[in-house]
Peer 1: 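Here's a structure for you.
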Amino acid sequence: MDKIKDFFHSKSYGFYVTLLAVVLSLVTLIVYTSSFGGSRYMSWAAFVIMIIGMVAGLAMPVFRLDKWVPAVLLVTNFVSFLLFVYYVYFYVSVVLVGIQATSFSSGFIASVVFFALTIVACVADVFCRQTAKTKLDDILI
């Protein structure tokens, strides 16, 4: 129990922003998969990359690689977003031109919103301190 208490005691607010980014990634993944899972607009590579980012975001602090977690989350979520854009490009063009549909589906809008929220959280996390400040940090700075 003391190890767990020490683990969380040594974390700063950035660690909790990281947890928020991981939870947002999970929600984004669920919304995207439930919206496009059975269609040709689903990128399973984006799905896998986002899972890799979430697992890394949760596992790296255990191995004391805290300072790299925000960068890994940002890169994996951004690459997943780019793959999402690549796969839904035809759907967007069809809706904008009005060929088969005249408006975007609620699943598409929810996916875009959650991808945007996740990326914003990851960018904010990059600028947050992951571990608590120590007296040694005051001497070095």
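Computed from a prediction, not measured in an experiment: that's the story for all the values here.
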Peer 1: If the test is ring-ring contact (aromatic ring centres under 6.0 Å, His included), which one of Phe115, Phe47, Tyr87 qualifies with Tyr32?
Peer 2: Phe115
Peer 1: Thr76 and side-chain contact (heavy atoms from CB on, under 4.5 Å): which partner among Val55, Val48, Ile49?
Peer 2: Ile49
Peer 1: In terms of hydrophobic clusters joined by side-chain contacts under 4.5 Å, are Tyr89 and Tyr86 together?
Peer 2: no
Peer 1: Quick one: closest heavy-atom pair of Cys128 and Val17, and the distance?
Peer 2: SG-CG2, 4.2 Å
Peer 1: Taking side chain as C-beta onward, heavy atoms only, is Val79 less than 4.5 Å from Met50?
Peer 2: no
Peer 1: How long is the span from the CE atom in Met54 to the CG atom in Leu24, to the nearest 0.5 Å?
Peer 2: 11.5 Å
Peer 1: For Thr118 and Ser25, does a side-chain donor sit closer than 3.5 Å to a side-chain acceptor?
Peer 2: no
Peer 1: Does Leu73 offer a backbone N or O that forms a donor-acceptor pair with the side chain of Asn77 under 3.5 Å?
Peer 2: yes
Peer 1: Taking distance alone, no hydrogens or angles, what donor-acceptor pairs closer than 3.5 Å link side-chain atoms of residues 36-46 to residues at least two apart or in another chain?
Peer 2:
| from | atom 1 | to | atom 2 | distance (Å) |
| --- | --- | --- | --- | --- |
| Ser39 | OG | Phe36 | O | 3.1 |
| Ser39 | OG | Tyr41 | N | 3.2 |
| Ser43 | OG | Ala46 | N | 3.1 |

Peer 1: Is any side-chain heavy atom of Val75 less than 4.5 Å from a side-chain heavy atom of Phe78?
Peer 2: no
Peer 1: Any chain of hydrophobic side-chain contacts (each under 4.5 Å) joining Val72 to Val126?
Peer 2: yes
Peer 1: Walk me through it: do Val95 and Thr102 pass the test side-chain contact (heavy atoms from CB on, under 4.5 Å)?
Peer 2: CA-CA 5 Å; Val95 172; Thr102 57; over 6 Å; no
Peer 1: Would you be so kind as to tabulate the donor-acceptor pairs closer than 3.5 Å made by side chains of residues 104-112, with sequence neighbours excluded?
Peer 2:
| from | atom 1 | to | atom 2 | distance (Å) |
| --- | --- | --- | --- | --- |
| Ser105 | OG | Tyr91 | OH | 3.4 |
| Ser105 | OG | Phe108 | N | 3.2 |
| Ser111 | OG | Gly107 | O | 2.8 |

Peer 1: What distance separates Ser103 OG from Leu96 CG, expressed to the nearest 0.5 Å?
Peer 2: 11.0 Å
Peer 1: Please round to the nearest 0.5 Å and tell me the distance separating atom CD1 of Ile30 and atom OG of Ser35.
Peer 2: 11.5 Å
Peer 1: Quick check on the hydrophobic clustering: are Val120 and Leu20 connected, directly or via other members, by side-chain heavy-atom contacts under 4.5 Å?
Peer 2: no
Peer 1: Going only through I, L, V, M, F, W and Y residues with side-chain contacts under 4.5 Å, is there a path from Val69 to Leu58?
Peer 2: yes
Peer 1: Are any non-hydrogen side-chain atoms of Val31 and Val113 less than 4.5 angstrom apart?
Peer 2: no
Peer 1: State plainly whether one hydrophobic cluster holds both Trp68 and Val22, where clusters connect Ile, Leu, Val, Met, Phe, Trp and Tyr through side-chain heavy atoms under 4.5 angstrom apart.
Peer 2: yes
